[in-house]
Amino acid sequence: MTRFTLRQVKDETYKVKDAWWTVYLVDPLAGRLVVWTANRTAITPNQLTAGAGVFGLLSALAFLVPVFTVGSGWPWLLVGALLFHLSFVLDCMDGKIARLKGTGSLFGSWVDFVFDRIRFFGCVMALLIGQWLAAGEVAYLIVAPVVVFFDLLRYLNGPQVAKTRRTMNQKLAEAEGRPDPAVQDSDGDPENADPGSSEPAGSGAAARPTGLYPRVRTALARHRVRPHLFSGIEFEMFLCVVAPATVLVSLFTPLNSLIIPVAVLSVLALSFFEAVLVLRLWKDTRRFESRMQALAVSGGPVPDGGS
């Protein structure tokens, strides 16, 4: 029987670049749990996905308990935050187990995606609506649809950015007579697309970008951290872990929590990094068009409609 090691889990299941929350706050625990789970149990990825869903449901219920209790109910918000984080740990484990044992499936990927969205939507709505019912502050009702809108926006934007980049790379490959670079895509996750890899593949002798950003990007890459520092993962974790945990301020200040400020900060941070993603894409399309025009002038085998 195969015995899996932590090194093997890291080499075969960790992403080359990932969200900093995952790298520092999830993988150190999830990796070790994967070793134990893979070696000592027959738990499947789908069962882990279901477990993550159960923890997510319990998290949402914990967020609602203060509505029915006398007082602040702050311990329940902390319990909800912890349960949501553990739910995400299980969610990361299912993909690692699938890659490690080769037991993943397309349907399992669909289930994982759908459960992720249901878990986040249910928990963030339970938190915000629960706080509105408990505290009577209308600000929670205003923030709730804003949070949902930006979560949907980044899920629409990510795949379109990734699709545009793939199209540019494929067209450049055809024009330059290179193999199709689509086979080099990492895992199809749009949030793993590096906004800093702005130069389309095979863009000839174009100079590599210099300055502060490439140095920061290189430094982050050494630790597997992607430069998209506030992605969907951080957005979810700040809203469903950090925000409810700020209820601790009620123990030593007149404030009940900092849920609203954290939610506003999360929306602004996500908006900023999504805007950066779009801006770099725009610059990439300009370089792409220039490169295709140069190939056409030089008599390269530019396909129809490529310029």
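The figures here come from the full heavy-atom set of this structure, side chains too, leaving out hydrogens, waters and symmetry mates.
When the side chains of ILVMFWY residues are joined at heavy-atom separations under 4.5 Å, either directly or via intervening members, L64 and I129 end up in two distinct hydrophobic clusters. Cluster membership check: F149 shares its hydrophobic cluster with F121, using side-chain heavy-atom separations under 4.5 Å among Ile, Leu, Val, Met, Phe, Trp and Tyr. L29 and V225 fall within a single hydrophobic cluster, where Ile, Leu, Val, Met, Phe, Trp and Tyr are joined by side-chain heavy atoms under 4.5 Å apart, directly or via other members. Under the 4.5 Å side-chain contact rule for hydrophobic residues, V276 and L279 do not share a cluster. Hydrophobic clustering, with ILVMFWY side chains joined whenever heavy atoms are under 4.5 angstrom apart, keeps L265 apart from L255.
Two residues are said to be in side-chain contact when any heavy atoms from C-beta on lie closer than 4.5 Å; T44 and Q47 meet this criterion. Looking at heavy atoms from C-beta onward, V79 lies out of side-chain contact with L58 at the 4.5 angstrom threshold. Residues L78 and P244 have side chains not in contact (no heavy-atom distance under 4.5 Å, counting atoms from C-beta outward). Counting heavy atoms from C-beta on, the side chains of D284 and R165 come closer than 4.5 Å. You'll find the side chain of N256 stays beyond 4.5 Å of the side chain of V247, heavy atoms only. By the 4.5 Å heavy-atom criterion applied to side chains, R224 and T22 are not counted as neighbours. Using a 4.5 Å cut-off on side-chain heavy atoms (C-beta onward), T5 and V35 make no contact. Side-chain contact between V147 and L239: present, with at least one pair of heavy atoms (C-beta onward) separated by less than 4.5 Å.
If you take CE on M93 and CZ on F88, they are separated by 13.0 Å, rounding to the nearest 0.5 Å. The CH2 atom of W132 lies 5.0 Å from the CG atom of L141; values are rounded to the nearest 0.5 Å. The CG atom of L57 lies 10.0 Å from the OG atom of S87; values are rounded to the nearest 0.5 Å. Rounding to the nearest 0.5 Å places CZ of R291 at 13.5 Å from CZ of R287. The line from CZ of R99 to OG1 of T13 is 5.5 Å long, rounded to the nearest 0.5 Å. The structure places CZ of F273 at 12.0 Å from CG of L268, a figure rounded to the nearest 0.5 Å.
Contact detail for V23 and P28: the closest heavy-atom pair is O-CD, 3.3 Å. Among all heavy-atom pairs drawn from S105 and G108, the shortest one is OG-N, 2.9 Å. Scanning both residues, L270 and F150, for their nearest heavy atoms gives CD2-O, 3.7 Å. Closest of all the heavy-atom pairs between A60 and A126 is O-CB, 3.5 Å. Closest heavy-atom contact between F238 and V262: O-CG1, 3.5 Å. Across all non-hydrogen atoms, the minimal contact from I259 to Y140 is CG2-CE2, 3.9 Å.
In this structure a side-chain-to-backbone donor-acceptor pair under 3.5 Å is missing from S59 to F55. H85 places no side-chain N or O within 3.5 Å of a backbone atom of C240 that could act as its donor or acceptor partner.
For Y14, the OH atom is densely surrounded, since the number of other residues' heavy atoms within 6.0 Å is greater than 12. Within a 6.0 Å radius of CG in L251, other residues, nucleotides and ligands contribute more than 12 heavy atoms.
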Pair T49-D94, side-chain hydrogen bond (donor to acceptor under 3.5 Å, both in side chains): steps then yes or no: CA-CA 6 Å; T49 299; D94 63 11; 2.6 Å; yes
Worked verdict on R226 versus W20 for side chain to side chain contact (heavy atoms under 4.5 Å, CB included): CA-CA 7 Å; R226 60 192 178 198; W20 62 262; over 6 Å; no
Derivation of the side-chain hydrogen bond (donor to acceptor under 3.5 Å, both in side chains) call for S231 and E234: CA-CA 6 Å; S231 64; E234 286 81 12; 2.6 Å; yes
Side chain to side chain contact (heavy atoms under 4.5 Å, CB included) evaluation trace for F235 with F230: CA-CA 7 Å; F235 186 65; F230 207 89; 4.1 Å; yes
Salt bridge (Lys or Arg N to Asp or Glu O under 4.0 Å) evaluation trace for R119 with D91: CA-CA 11 Å; R119 183 180 71 242; D91 184 50; 3.8 Å; yes
Side chain to side chain contact (heavy atoms under 4.5 Å, CB included) between I97 and T37, intermediate numbers included: CA-CA 8 Å; I97 290 286; T37 303; 4.2 Å; yes
Side chain to side chain contact (heavy atoms under 4.5 Å, CB included) assessment of E274 paired with L153: CA-CA 9 Å; E274 290 299 307; L153 177 63; over 6 Å; no
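Aromatic ring orientation, F113 versus Y155: perpendicular (interplanar angle above 60°, classes split at 30° and 60°).
Under the 3.5 Å distance criterion, with hydrogens and angles disregarded, no donor-acceptor pair is assigned to the side chains of Q170 and T167.
In summary, R154 and E236 engage in a salt bridge, as defined by a charged side-chain N under 4.0 Å from a carboxylate O.
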